[in-house]
Amino acid sequence: MRRESGGGCRILSDEVWTDYDDHAAYGGVVPEIAARSHVERLDLTIEKAVHASGLSFNDIDAIAATAGPGLVGGVMVGLTTAKAICLAHSKPLIAINHLEGHALSARMTEAAGFPYLLLLISGGHTQLIWVAGLGDYRRLGTTIDDAAGEAFDKTAKLLGLGQPGGPRIEAAAANGDADRYDFPKPLQRRSGCDFSFSGLKTAVREATQSMTAPSEANIADIAASFQYAAARHLTQRTERAMAMAPADEATPRLVVAGGVAANGVIRSILSSLCERSGWTLIAPPAKYCTDNGAMIAWAGAERLAANLAPPMDEALALAPRARWPLAPPPEGAAIGGGRKGPKA
Ligand code: KG4
Ligand code: ZN
């Protein structure tokens with residue numbers, strides 16, 4: 001990608017390789033298979049991207065690669081490959097936090113000036129973050145159990161819709177009645193803007209298991225009711241974060257990013273919230289909501305322009321990280337746990 005002088009950038013090539021089919025037989029993502037497909041496909045994918053851009057490695061100013069958080073096998077393959085390219089071509093290496101890639105993704109194509117409130121909704125994370133500037137992030141809320149995308153994926157599995165769950169639920173829901181089931185409204189009595197999706201998941205399971213063989217119409221109704229309940233929960237917590245955010249402009253900005261932000265119903269309910277609250281909603285095109293290399297390149301370009309590219313020896317010493325929080329939790333918050341500490 002090439003940064004434009006007036007802001008934003010020109011994406012010269014954008015290759016995305018997905019491997020859902022490799023995991024389909026196992027009912028979920030298998031870390032070893034994911035790592036192996038990175039080894040098998042990454043060099044070819046990079047070659048295609050460089051070829052499609054019309055450039056050669058010599059024309060490139062710097063290489064950006066994800067260094068975490070995520071399944072560490074894949075991250076390791078990507079980061080090691082980037083280190084090898086940087087060494088071979090004497091280019092700076094910029095290690096990017098995957099969540100920062102999502103956090104800045106809207107700035108690639110939209111006028112999303114700092115500061116803004118970010119609703120980051122992906123397969124592994126659900127967070128509300130105040131983005132004050134590049135590298136200056138403050139977490140306002142996070143999920144206390146499942147991530148939003150995880151809830152979509154688990155619901156799709158329960159309904160026999162396959163993966164990736166989000167788009168399959170959205171497609172099934174298009175023919176369903178969102179009012180048929182009144183699924184729970186999580187965390188109604190809890191202050192702040194944290195999220196919870198596990199109660200919703202249980203309610204969907206109970207509704208599904210109450211039928212011996214749910215018809216296509218029943219599945220569509222459950223999908224639509226679940227999608228609406230998830231969108232309503234995301235929107236209600238975002239409304240709370242708007243009140244907590246240090247926004248002092250006449251028309252503050254809400255940016256939504258991450259795979260789940262591709263969802264049309266969620267975008268439209270967030271858009272109504274912004275309309276009635278006097279905020280501007282900014283959402284990247286759906287293809288830059290779900291994981292893509294362009295957003296990592298963009299985060300790298302932003303860091304390079306801000307002179308934040310580390311010296312080569314420091315960059316080469318960087319290890320991949322399975323866990324890497326983007327923003328510190330608010331004082332006193334003790335959630336987002338895990339055996340080895342908070343996931344993000
Ligand atoms: O950001 P992403 O591509 O990868 C992670 O960083 O996790 O997000 C993937 C998640 C998956 O859970 C997927 O089901 C969900 O985003 N997703 C959607 C939609 N498209 C992708 N969820 C709801 N509606 C969609 N249209
Ligand atoms: Zn992602």
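First listed ligand is number 1; within each ligand, the first listed atom is number 1. The first residue of the sequence shown is numbered 1, and numbering continues consecutively from there. Just so you know, these numbers come straight off a predicted model, no measurement behind them. Side chains included, hydrogens not; waters and symmetry mates left out as well; all remaining heavy atoms used.
- Protein heavy atom at the shortest distance from atom 21 (C) of ligand 1 is G259 O, 3.4 Å.
- Checking side-chain atoms of S53 against main-chain N and O of L55 turns up a donor-acceptor pair under 3.5 Å.
- Listed by number with element, the atoms of ligand 1 under 4.0 angstrom from any heavy atom of H98 are 6 (O).
- D177 contributes no side-chain N or O that, together with a main-chain N or O of D221, makes up a donor-acceptor pair within less than 3.5 Å.
- Under 4.0 angstrom from ligand 1, the non-hydrogen atoms of N263 come from both its backbone and its side chain.
- In terms of protein heavy-atom proximity, atom 26 (N) of ligand 1 is nearest to E170 OE1, 2.8 Å.
- Of all atoms in ligand 1, listed by their number and element, those nearer than 4.0 Å to a heavy atom of H102 are 1 (O), 6 (O).
- By the 4.0 Å heavy-atom criterion, Q163 is excluded from the residues contacting ligand 1.
- With V16, D153, L120 as candidates, the residue nearest to atom 12 (O) of ligand 1 on a non-hydrogen basis is D153.
- Shown in contact with G124 at under 4.0 Å from a heavy atom are these atoms of ligand 1, numbered in order with element: 7 (O).
- Summarising the geometry, atom OG1 belonging to T208 is positioned 5.0 Å from atom CG belonging to L158; distances are rounded to the nearest 0.5 Å.
- In terms of protein heavy-atom proximity, atom 10 (C) of ligand 1 is nearest to G123 N, 3.5 Å.
- Taking the N/O/S atoms of D291 in turn, the shortest distance to the Zn ion (ligand 2) belongs to OD1.
- Panel note: side chain T126, backbone T143; no donor-acceptor pair is recorded below 3.5 Å.
- Within ligand 1, the atoms closer than 4.0 Å to a non-hydrogen atom of G149 are 12 (O), numbered from 1 in the order shown.
- With R237 contributing its side chain and D194 its backbone, the two residues share a donor-acceptor pair below 3.5 Å.
- In terms of protein heavy atoms, atom 3 (O) of ligand 1 is closest to D291 N, 2.8 Å.
- Note on ligand 1: H125 sits outside its first shell, no heavy atom being nearer than 4.0 Å.
- Residue contact annotation: H125 places no N/O/S atom under 2.8 Å from the Zn ion (ligand 2).
- Judged by distance alone, the side chain of S13 and the main-chain N or O of A52 form no donor-acceptor pair under 3.5 Å.
- Using a 3.5 Å distance cut-off with no hydrogens or angles, the side chains of S198 and D146 do not pair a donor with an acceptor.
- Of the protein's non-hydrogen atoms, the one nearest atom 23 (C) of ligand 1 is G166 CA, 3.4 Å.
- Classified by interplanar angle (parallel below 30°, tilted 30° to 60°, perpendicular above 60°), the ring pair H233/F195 is perpendicular.
- In the hydrophobic cluster analysis, where Ile, Leu, Val, Met, Phe, Trp and Tyr join through side-chain heavy atoms closer than 4.5 angstrom, I11 is grouped together with L104.
- Using cut-offs of 30° and 60° on the angle between ring planes, the pair F114 and Y116 is parallel.
- Between the NE2 atom of H98 and the NE2 atom of H102, the angle centred on the Zn ion (ligand 2) amounts to 100° when rounded to 10°.
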